[in-house]
Amino acid sequence: MGRVSPKGAGFKSCSHLAGFMVAPKPTDELDSVALETGLLKTWSEEEVFENSVQNRADGEPFIFLEGPPTANGKPGIHHVVARTFKDLVCRWKTMEGYFVERKGGWDTHGLPVEIEVQKRLDLMSNEAIEAFGMEEFNKECRDSVWTYEAAWREMTERMAYWCDLDEPYVTLHDNYIESGWWALKQMFEKDLLYRGYKVLPYCPQTGTSYSSHEVALGYKEVEEPSVYIKFKLEDSDASILAWTTTPWTLPGNVGLAVGPDVEYIRVRVTSEPENWDGHGGAEIGEELILAKDLFKEVIRHHCEEVETLLGSDLVGRSYEPLFPGAIERGDSKTAWTVIEADWVTTTDGTGVVHTAVMYGEDDYNLGMEVGLPAQHTVDINGAFLKGTHPALDGRYVKDCDATIIELLHDTGLLYREKMYTHDYPHCWRTGHPLLYYAMDSWFVRMTAVKDRLLEFNSQVEWAPDWVGEGRFGEWLRNVKDWAISRERYWGTPLPVWICTKCEHQHCVGSREELAAMAAEGSPVADDLHRPFVDDTILSCPECNSDMKREPFVMDCWFDSGCASFAQWHHPFGEEGKFENNFPVDYICEGVDQTRGWFYTLLAVSTTVFDSICYKRCLSLGLILDAEGKKMSKSKGNIVDPWDHFNREGADATRWYMVTAGAPWNPLKFDPNGVRETYGKMFLTLWNIHRFHADYAALDGFDPDTSPKGKETPLDKWILSRLNQVIAATHAQFESWDFHKACRGIEDFIVNDVSNWYVRRSRRRLWDEAASEDKLSCQHTLHKILVTVSRLIAPVSPFMADVIHRNLEGESVHLANWPEDGTVDEGIIEAMGLVRELAETGRRIRVDNDRRQRLPCSEGWIVSGPDLSSFHDILAEELNVETISLEKDLDRFQSEVVHPNRRSLGAKCRQDLPAVLAGIADGDSESMLASIEAGNLVIAGYEITAEDIEIRRVERVGFAAETIQSSDGSSVSLVLDMSDTPELLSKGLARDITRRVQAARKDLNLAIEEQIKLEVWTKDAPELFESDLQWIIDETRASNAEFLVGEGSGESFEVDGATVWYSVSAL
RNA sequence: GCGCGAGUAGCUUAGUCGGCUGGAGCACCCGGCUGAUAACCGGGAGGUCGCAGGUUCAAGUCCUGCCUCGCGCACCA
């Protein structure tokens, strides 16, 4: 035999070949971490990222917009997932020839930053912050923002997320803020910005209102007094009963809401109750009104019904205020009357909702709608305002429950009190109950542009589409005005100034405008943050008086919503930059951004530019732990991406994330899955590469100059498969099915290339001479590896590049996306069949108790397509001496008629079972004859050739099996099970060789090393001379002895024979 | 309460227009192959396709209801 494998000393001696430009270099065992970190250095030295972008500067732009993360939190595995999907699309598009710039970004404002600083400096209230000093506080915030920047940069670089981190956009930069101001001014001038109230969960201790997210952190179950209050109607003796769990809101009561279609009942108390808990009560003869459904639950007295009435009958009736003087009527016509509201239900309470405008969202909206007075009875510190009631003024509202109950009891207005258990939001920092409290706020009138939002949304290509139509669409259809201001310190200041005299409002749209409008002697803010802007006094364009800034900062979502233009400092920055990059082609973030960034981008672009902002949006599913639980710090189930970067590497981590499921489905992140991906995909790919590179290096193979050789059917097959994979990958990338594309590639690499093509080609490369066959194999392997590395480069950029560089001499990231070529479907089908037959052969051997190494003299293929070009492969796989075609089917098989249910079902419908039974009972041979003659009728239906399939079933007693192919045809394999002395000898020789090779491996012998071999056989078949020589050649036994009789050393048994063998190095 | 999504072997999953014996991988057991491989091949065991109805000749697939999980929205007067 020829040369074996080029490992060990042999391959070192040829390292001089590495000098060839494109001749592949031999490779080592895979160390993915070293491979990746080493490559990172190369990339940075060669500026591969910059070059990959600039090389396509003439190409059509593909515009990507990076959603800015906050760097005051540690990056986690979910960030790696998002960045993988961002990166892979950008890399793929770049390879397709698009010009894909990627500017990084940082979100740097907002409450989370403030909270971090507050915690660290123990500044748990607004007073504390102001005592500490706003300027100093904001400086702390500004620094805190970058706490984890280094960690982010390391993660970003290590995972190979290519993105310009050196010139990112940063929301705290004055240029960015200025663009935001400009945008807000556009809204202001379109009359889309206004000032109003918003009811928010508010903590008077910290002086902070909370987002719903933070509220969710602090729900606690509490037991509190709830009260039923009698509201005395003015035009009758009756009272309406209303219920509340927040007695402190009662002084603010200005209305009672009823459901217009709800049935109410008016009852008269007829006698005292039998027992009574707590305060309250009613006189005999007193009349009460409440929902009919709740009457039994609420009323504790014996009563008689006076009348039944609908809510609409009550609407407009006036009642006496509980706390006269606490609220001024002003010009309200509806104050202290019954109002209708369709959201009123009879699930609890009395079916009448006590309405305090400033302390409930529904209350506030209703109050605005019908014109109730919007006045506070509680100050910003949570204490009752002066003038509410002498017993309450100045006291913290939550301490007043008992007092209020007593006051109402004393005036006879309390019907009942009842302890009530419910979940109520508490401040997650101080543990105090939150108050729903109407806060002064600025709004963007999103309701005015709802139709445009919906229209633009329909133009966005969403992946998956149901997020766009469903979740996001639903959000837009229910769009509310955007409360855009926050009573905070660290953020983009709201650029609205109000005249202290005439109340004229002015929105500043640039630094220049700020300077031009500054009042004489006023400082002009140099830094656009608080407190500096607060000090800038403008001169009122209407009356020349001083204007003061509204003391708010903006919702930090507004900042990131401006990213598409503020990143370019539009309209003050480089001309054309924005226009050429808007709207963007692609954004990608977690699905939690639906109401966040996905929304604010569209909200801003709609209100400012009357345009969509992004054309395609990939919404990623949540990342869960391996058990499907949400990852959270408290559960301790956070996965640190570095665990994997440092073990399996970033390639495997990224590939796992992409192939584990559809990007929009929740990803159960399983560390074992990464391990599996590494072992299966990357080790295999690496070893294919190693196999090729080692021989190519040894042979001085050069893809450009080495002769092409002669393609074998095996080569043709794998190249057809390759083209198939290229086409499928492309189509699936286009349709966002990255997971399917990558699973397809992985299957190709592992199954087709490694486990079949390379396995079947191994001996082709052992040929020392530059045979046609070897050359073709090398060109084919080269083509496969280069193409595959390009296909996987967007997802796993490291190994792809190492392979590509070794084979092509240049980075894969500068290469073009592969184009597919012709696919020979026939050869693919044929090879599929060959592989199936090889597996079938092994099954036959198991069934017939014949070991694989013992050859069979003959195998027959019965029917099926022409596989003659693969007969050599098949013979080797099956370990048979010859393969023949058998035409005489009847020798091994009989034909059996099988129903085609699809065809028969359409024809026979409900009679199908009868027909099926008829076919099952019938004699196949005669049925076939009848079909041929066109006269087979079963259960009244004529059965034609389309209605059946003919399956071949092997006759009893043959070592054979039949496989059905998808088109209904069948192929059978028959093996000759007879033994001859020649076959027994060959089989035994193979068994011995196998054992000796294992022993060689155990001894760690180099391939070319010779051995001394001794073999003893007992009760064994005779070993022929040719087989003895074969053993000697295969095992490189320059000194071999074969003896009959009992021996010593290692032994094994095979088919009743015992073999001893001894192997030693020479 | 409303909306969206999911539920297939111990785990991860494929399953197209309703049709033929519901496929893979991991892990387990038996056997085999193997000097690129941490792989591979054959066999075994493991499935009430969440539950219950319905449509149909035929349902993992379509319809209805319910259960569980996740996400979002609303509510918590």
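All values derive from a computational prediction rather than experimental measurement.
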#### Entry: Under 3.5 Å donor-acceptor pair, A:Arg994 side-chain atoms to B:rU34 base atoms
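Per atom types, the contact qualifies.
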Base of B:rC73, side chain of A:Arg471 - is there a donor-acceptor contact under 3.5 Å? no
Expressed as a whole number of angstroms, how long is the span from [X]:[atom1] to [N]:[atom2]?
X	N	atom1	atom2	result
A:Arg845	B:rG31	CZ	P	18 Å
A:Asp747	B:rG23	CG	P	17 Å
A:Asn755	B:rA36	CG	C1'	12 Å
A:Glu469	B:rG5	CD	P	10 Å
A:Ile844	B:rG31	CD1	C1'	17 Å
A:Glu297	B:rA77	CD	P	16 Å
A:His354	B:rA77	NE2	C1'	8 Å
A:Leu622	B:rG5	CG	C1'	12 Å

- Item | Test log, rule side-chain contact (heavy atoms from CB on, under 4.5 Å), inputs A:Leu30 and A:Leu35 | CA-CA 8 Å; A:Leu30 180 59; A:Leu35 178 151; 3.9 Å; yes
Please state the [atom1] separation for the pair [N] and [M] - nearest whole angstrom.
N	M	atom1	answer
B:rA59	B:rG53	P	14 Å
B:rC63	B:rA27	P	38 Å
B:rU8	B:rG1	C1'	31 Å
B:rA74	B:rG10	P	40 Å
B:rA9	B:rG22	P	15 Å
B:rU34	B:rG70	C1'	46 Å
B:rA52	B:rU68	P	16 Å
B:rU37	B:rG72	P	49 Å

Is it true that [X] and [Y] make a salt bridge, defined as a side-chain N closer than 4.0 Å to a carboxylate O?
X	Y	answer
A:Arg835	A:Asp752	yes
A:Arg760	A:Glu877	yes
A:Arg675	A:Asp670	no

Nearest listed nucleotide, side chain of [X], among [options]:
X	options	answer
A:Asn751	B:rG19, B:rC41, B:rC75	B:rC41
A:Asn665	B:rG5, B:rC33, B:rC57	B:rG5
A:Tyr436	B:rG35, B:rC76, B:rA36	B:rC76
A:Asp362	B:rG19, B:rC40, B:rC76	B:rC76
A:Val758	B:rG72, B:rA36, B:rA77	B:rA36
A:Lys668	B:rU37, B:rU13, B:rC73	B:rU13

Residue closer to the 5' end of RNA chain B, A:Val753 versus A:Arg901 (nearest nucleotide):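 Going by which nucleotide is closer to the 5' end, it is A:Arg901.
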Taking for each residue the nucleotide of RNA chain B bearing the nearest heavy atom, is the 5' side occupied by A:Lys740 or by A:Ala906?
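Its nearest nucleotide lies further toward 5', so the answer is A:Lys740.
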Counting only Watson-Crick and G-U wobble pairs with both atom distances below 3.5 Å, the stems of 3 or more consecutive pairs that include RNA chain B are B:1-7 with B:67-73, B:10-13 with B:23-26, B:28-32 with B:40-44, B:50-54 with B:62-66
Has [X] got a side-chain N or O lying under 4.0 Å from the OP1 or OP2 atom of [N]?
X	N	answer
A:Arg762	B:rA36	yes
A:Arg853	B:rU34	yes
A:Thr594	B:rG72	no
A:Arg842	B:rG43	no
A:Arg690	B:rG35	no
A:Gln852	B:rG32	no
A:Arg843	B:rG43	yes
A:Lys680	B:rA38	no

(request) Using the six-membered ring of A:Phe691, assess whether NZ or CZ of A:Arg762 lies under 6.0 Å from its centre and within 45 degrees of the ring axis. (result) no
Let me see the working for A:Leu785 and A:His692 under side-chain contact (heavy atoms from CB on, under 4.5 Å), right down to the final yes or no.
-> CA-CA 9 Å; A:Leu785 283 164; A:His692 170 62; 3.8 Å; yes
- prompt: With ring centroids as reference points, do A:Trp655 and A:Tyr678 lie under 6.0 angstrom apart?
  reply: no
Touch class at under 4.0 angstrom, heavy-atom based, for [X] against every strand present:
X	answer
A:Pro913	sugar-phosphate
A:Gly679	sugar-phosphate
A:Ser754	base
A:Glu839	sugar-phosphate
A:Ala660	sugar-phosphate
A:Arg675	base

Judged by whether its glycosidic angle lies within 90° of 0, B:rC69 is anti
Using a 6.0 Å cut-off, check whether atom NZ of A:Lys740 has over 12 heavy atoms from anything other than its own residue.
no
I would like to know whether A:Tyr436 and A:Thr246 meet side-chain contact (heavy atoms from CB on, under 4.5 Å); could you show each step before the answer?
CA-CA 10 Å; A:Tyr436 284 91; A:Thr246 50; over 6 Å; no
Exercise for the section: Could you tell me whether a side-chain N or O of A:Asp947 sits under 3.5 Å from a main-chain N or O of A:Ile943, the two making a donor and an acceptor? Expected result: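 Such a contact is absent between A:Asp947 side chain and A:Ile943 backbone.
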Quiz prompt | Listed partners of A:Arg990 passing side-chain contact (heavy atoms from CB on, under 4.5 Å), at least two apart | solution =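 A:Arg990 satisfies side-chain contact (heavy atoms from CB on, under 4.5 Å) with A:Arg853, A:Asn879, A:Trp1030 only.
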